[in-house]
Amino acid sequence: MKTNNKFFKIVLTLVFILISGPTWSATETLSCTAGTIAGTTMTFNTANFTFVHAKATDTNFASYTPWRVYTNNTVTITAGSGVSTITSIVIYTASSIYANAINGIISVTGGGSASAVVSGNNCTITITGTATAVVIDPTAQTRWNSIDMNYTAASVSCTPPSFSFASSSVSKLSNDAPFTNVFTTNNASTKAWSSSNEAVATVDATGQVTIHGVGAADIKVNQAADGTFCAVVDATYSLSVTAPVTPEPTNHATSFVATTNTSSEITVLWTDATGGQLPTGYLVKASKSAINAPVDGSAEADASLVMNFSQGAEMAVFTGLSAASNYNFSIWPYTNSGASIDYKTDGVAPTDNAATVTPLLIPVATDATDVTHLSSNNTFTANWQAVVGATGYVLDVSQDVAGATSTEKESFDGVTPNGNLIGSATYQSGWYVLSQSATRQIYTSTGNYGTAAPSFAFTTTGDYIQTKIYPSPITSISFWAKQQTGSTSSTSILGFNGSTWATIAILSNADAATAGIKTYDLVALGYVDITQILLTYTKVAGNLSLDDISITYSSAPSIVPISGSPFAISGGNTLSKVLTGLNAGTYYYTVKATDGIFTTESSNEKSVVLDYAVNIDSPINEKIYVVNGQLIVSGVSAYNVFNMQGVEVAKVSANHSTKPILLRSGVYIVKTKNDVRKIMVK
């Protein structure tokens with residue numbers, strides 16, 4: 001037989017608390033193992049119940065585990081002295097079939113009635129009213145695994161104990177030794193001690209407390225009833241543990257100095273205090289007026305003009321200060337924290353003061369003047385406006401440097417001849433050539449190829465050679481070409497700009513009657529955004545041999561400082577600098593103001609174009625347009641470019657280098673012999 005410890009716990013609780021009072025609910029469980037057998041009766045005895053199983057003669061009666069109960073073989077459950085009334089019984093069976101069989105004849109004595117409800121593998125018998133015994137006679141064979149008896153316990157009586165602590169609350173420091181707060185009681189049972197916060201303190205079986213940290217804890221003691229006196233439940237005293245108080249620092253900090261950084265920032269430096277009692281921290285305060293000393297026991301939190309630092313920091317940086325303002329600074333060492341903080345306010349606290357400076361305004365760069373073009377010594381004068389308080393300026397000058405030029409060449413060296421046909425072929429990566437058929441023709445005889453045999457043959461309308469897409473615009477294309485028996489056919493040179501194909505030129509066979517190199521300068525022709533080339537053949541009569549196709553492309557220009565930049569300009573009223581010995585190109589300049597200590601951010605940027613010219617062979621079809629930030633002008637012998645302030649930024653003459661003009665974003669005026677036009681560069 002096995003009983004549930006819940007019953008004993010509840011009964012003990014009842015004894016601990018009550019002198020005489022209400023009954024308490026409880027549950028006791030019986031495992032269905034064999035009891036004591038006398039004839040046809042099996043009896044089980046628990047602390048509070050007697051179970052009697054009356055059965056007809058059966059040689060296996062004692063070995064039935066779990067219980068086997070048949071119709072008209074009753075089980076009587078009788079309450080003992082510790083039970084006031086039986087409230088319900090739950091019988092757990094091997095299956096729902098057996099549980100259903102229990103719902104047979106159920107009777108109670110001591111008053112009340114009973115009803116049964118089957119749920120799953122158990123049957124719950126609920127008592128209405130009072131009952132001290134229950135008789136169960138199932139309707140068929142059933143097997144019982146265990147039984148829960150739910151009841152109200154009988155009232156018990158005890159004498160309330162008297163108890164007290166030497167102190168209802170105890171305050172300690174975190175470094176105090178273990179202690180005992182004496183507990184007195186007339187209850188003689190064993191004491192059970194506990195702490196609500198063992199990170200602060202623990203308590204042993206004798207009530208001795210050991211401190212572990214700062215904080216609060218409740219120290220509790222419980223006692224079971226001892227036969228005369230009721231239980232002592234959660235007798236408690238409070239424990240408060242604080243950090244030990246350290247005396248105030250022996251000395252103040254030394255070498256306390258405030259230094260101006262900017263118009264809004266001042267740095268304060270000091271040397272930590274020495275002596276018998278070192279500080280745990282420092283309070284540094286700033287103010288435009290007098291500074292109030294701190295008060296012991298009242299810690300000051302960090303704020304814009306109040307800062308706390310640990311020993312060893314020796315530096316405070318105050319930011320967000322008003323410009324052109326004087327600030328006072330003071331420092332106090334302290335020990336402890338919170339309500340125990342102890343500032344050293346005797347003696348003389350170190351002080352100093354410093355003033356933020358008037359902020360320098362960022363200068364404004366103005367247009368360049370005295371710009372010279374088309375000479376061996378290009379010059380211009382950079383200009384800017386004066387800044388109040390400046391003692392000098394810093395001029396940064398840079399220029400556009402053309403990107404590196406790269407060339408890729410297809411000489412058909414990867415073609416393996418099969419007589420005058422292509423046996424196999426490998427071309428430049430990304431190139432496509434209509435040539436993979438065994439009937440494609442090549443030329444290998446002397447005089448019919450460029451640098452080396454073979455050359456490629458255009459023999460049928462639709463024959464083509466297509467390059468890859470290059471990472472930057474193509475500046476020129478050249479190839480070796482020779483007419484082969486027929487002058488009326490032609491080759492179209494097409495360029496792709498990422499969205500559309502444009503016809504750059506058309507080469508007739510007649511133009512290639514004499515073998516030679518054909519070159520097309522795409523920039524001069526106004527095509528500045530072509531990244532892919534397609535050569536395609538239109539057959540009327542005759543063939544064309546092609547060889548040594550070269551594609552030249554350049555990366556974007558970069559901006560680099562010129563020699564000597566940045567230039568230091570002395571004097572707050574010096575508002576220009578002449579730049580000489582410059583090459584042709586586009587220049588940019590910005591300026592910063594300085595007062596010898598502080599330097600501003602850079603000004604706006606100004607640009608100057610020196611010695612740009614376009615070679616115009618035949619002044620026809622005058623065109624002015626902008627592509628990718630580059631000004632392209634064709635069909636004129638000379639022109640000038642002005643910004644909207646009327647400053648000349650480019651002077652272009654005939655018989656000079658052929659190149660587009662790279663301009664920064666803005667609006668410009670282009671003046672030719674026959675036209676004045678406004679353009680916008682995005």
Side-chain angles (χ1 to χ4, degrees), residues 402-415 425-437 440 450 455-481 489-509 511-512 517-539 544-557 614 621 623-635 658-663 679 681-682:
T405 298
S406 300
T407 299
E408 185 171 62
K409 188 174 184 179
E410 173 57 75
S411 297
F412 304 104
D413 296 333
V415 173
T426 301
Y427 303 103
Q428 291 286 351
S429 176
W431 287 48
Y432 297 93
V433 178
L434 183 59
S435 65
Q436 299 306 314
S437 167
R440 299 306 304 157
S455 65
F456 186 79
F458 274 171
T459 62
T460 304
T461 295
D463 287 353
Y464 69 86
I465 300 171
Q466 180 175 296
T467 72
K468 69 181 181 184
I469 297 176
Y470 290 90
S472 58
I474 298 169
T475 58
S476 68
I477 175 176
S478 67
F479 52 84
W480 180 93
S489 298
S490 62
T491 299
S492 297
I493 298 100
L494 306 177
F496 185 65
N497 63 6
S499 60
T500 59
W501 287 93
T503 301
I504 297 170
I506 296 177
L507 173 69
S508 69
N509 274 19
D511 294 332
I517 300 294
K518 304 298 179 181
T519 300
Y520 301 87
D521 187 332
L522 272 61
V523 175
L525 293 171
Y527 298 99
V528 295
D529 57 354
I530 300 300
T531 56
Q532 187 177 27
I533 295 294
L534 173 66
L535 305 179
T536 182
Y537 195 57
T538 301
K539 173 83 173 255
L544 181 72
S545 55
L546 296 170
D547 202 359
D548 301 329
I549 302 173
S550 293
I551 303 295
T552 301
Y553 58 98
S554 62
S555 59
V614 176
N621 299 324
K623 295 180 181 179
I624 301 173
Y625 54 97
V626 176
V627 178
N628 293 336
Q630 297 184 92
L631 172 64
I632 307 297
V633 179
S634 63
T658 301
K659 61 176 70 175
I661 298 177
L662 180 64
L663 297 173
I679 62 167
V681 179
K682 296 183 178 179

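This structure is a prediction, so every number in the text was calculated from the model and none was measured. The figures here come from the full heavy-atom set of this structure, side chains too, leaving out hydrogens, waters and symmetry mates.
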Rounded to the nearest 0.5 Å, what's the gap from [atom1] on [X] to [atom2] on [Y]? Could you check?
X      : Y      : atom1 : atom2 : answer
Phe412 : Leu546 : CZ    : CG    : 6.5 Å
Lys518 : Ile549 : NZ    : CD1   : 14.5 Å
Thr461 : Tyr537 : OG1   : OH    : 8.0 Å
Ser476 : Asp521 : OG    : CG    : 6.5 Å
Tyr470 : Glu408 : OH    : CD    : 3.5 Å
Ile477 : Tyr520 : CD1   : OH    : 8.5 Å

Pair listing, salt bridge (charged side-chain N to carboxylate O under 4.0 Å, His left out) test, anchored in residues 491-500, at least two apart: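 Listed once each, the pairs would be none.
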Give me the atom names and distance for the closest heavy-atom approach of [X] to [Y].
X      : Y      : result
Thr531 : Gly498 : OG1-N, 4.5 Å
Asp548 : Ser411 : OD1-OG, 2.9 Å
Gly462 : Leu434 : O-CD2, 3.6 Å

Check whether any side-chain heavy atom of [X] lies under 4.5 Å from a side-chain heavy atom of [Y], and answer yes or no.
X      : Y      : value
Leu507 : Leu535 : no
Ile551 : Trp431 : yes
Val415 : Tyr427 : yes
Pro473 : Val528 : no
Thr460 : Lys539 : no

Heavy-atom donor-acceptor pair, Gln466 side chain to Tyr432 backbone, under 3.5 Å: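 No: the side chain of Gln466 does not pair with the backbone of Tyr432.
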Residue of the set Thr519, Ile474, Thr407 for which side chain to side chain contact (heavy atoms under 4.5 Å, CB included) holds with Thr552: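 The residue from Thr519, Ile474, Thr407 that satisfies side chain to side chain contact (heavy atoms under 4.5 Å, CB included) with Thr552 turns out to be Thr407.
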Set of side-chain hydrogen bond (donor to acceptor under 3.5 Å, both in side chains) partners for Ser455, sequence neighbours left out: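 Expected list: none.
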side-chain hydrogen bond (donor to acceptor under 3.5 Å, both in side chains) partners for Ser490, two or more places apart: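 Listed in chain order: nothing, the list is empty.
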For Trp501, the option from Phe496, Tyr527, Tyr464 that meets ring pair (Phe, Tyr, Trp, His ring centres under 6.0 Å):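 Among the candidates, only Phe496 passes.
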Trace of the side-chain contact (heavy atoms from CB on, under 4.5 Å) decision for Thr503 with Leu494: CA-CA 4 Å; Thr503 301; Leu494 306 177; 3.2 Å; yes
Electrostatic pair Arg440:Asp463 at N-O distance under 4.0 angstrom: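 Result for this pair is yes, salt bridge flagged.
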Polar side chain donor-acceptor pair, Asn497 to Ser499, under 3.5 angstrom: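 Their side chains do contain a donor-acceptor pair, which is all the 3.5 Å distance test asks for.
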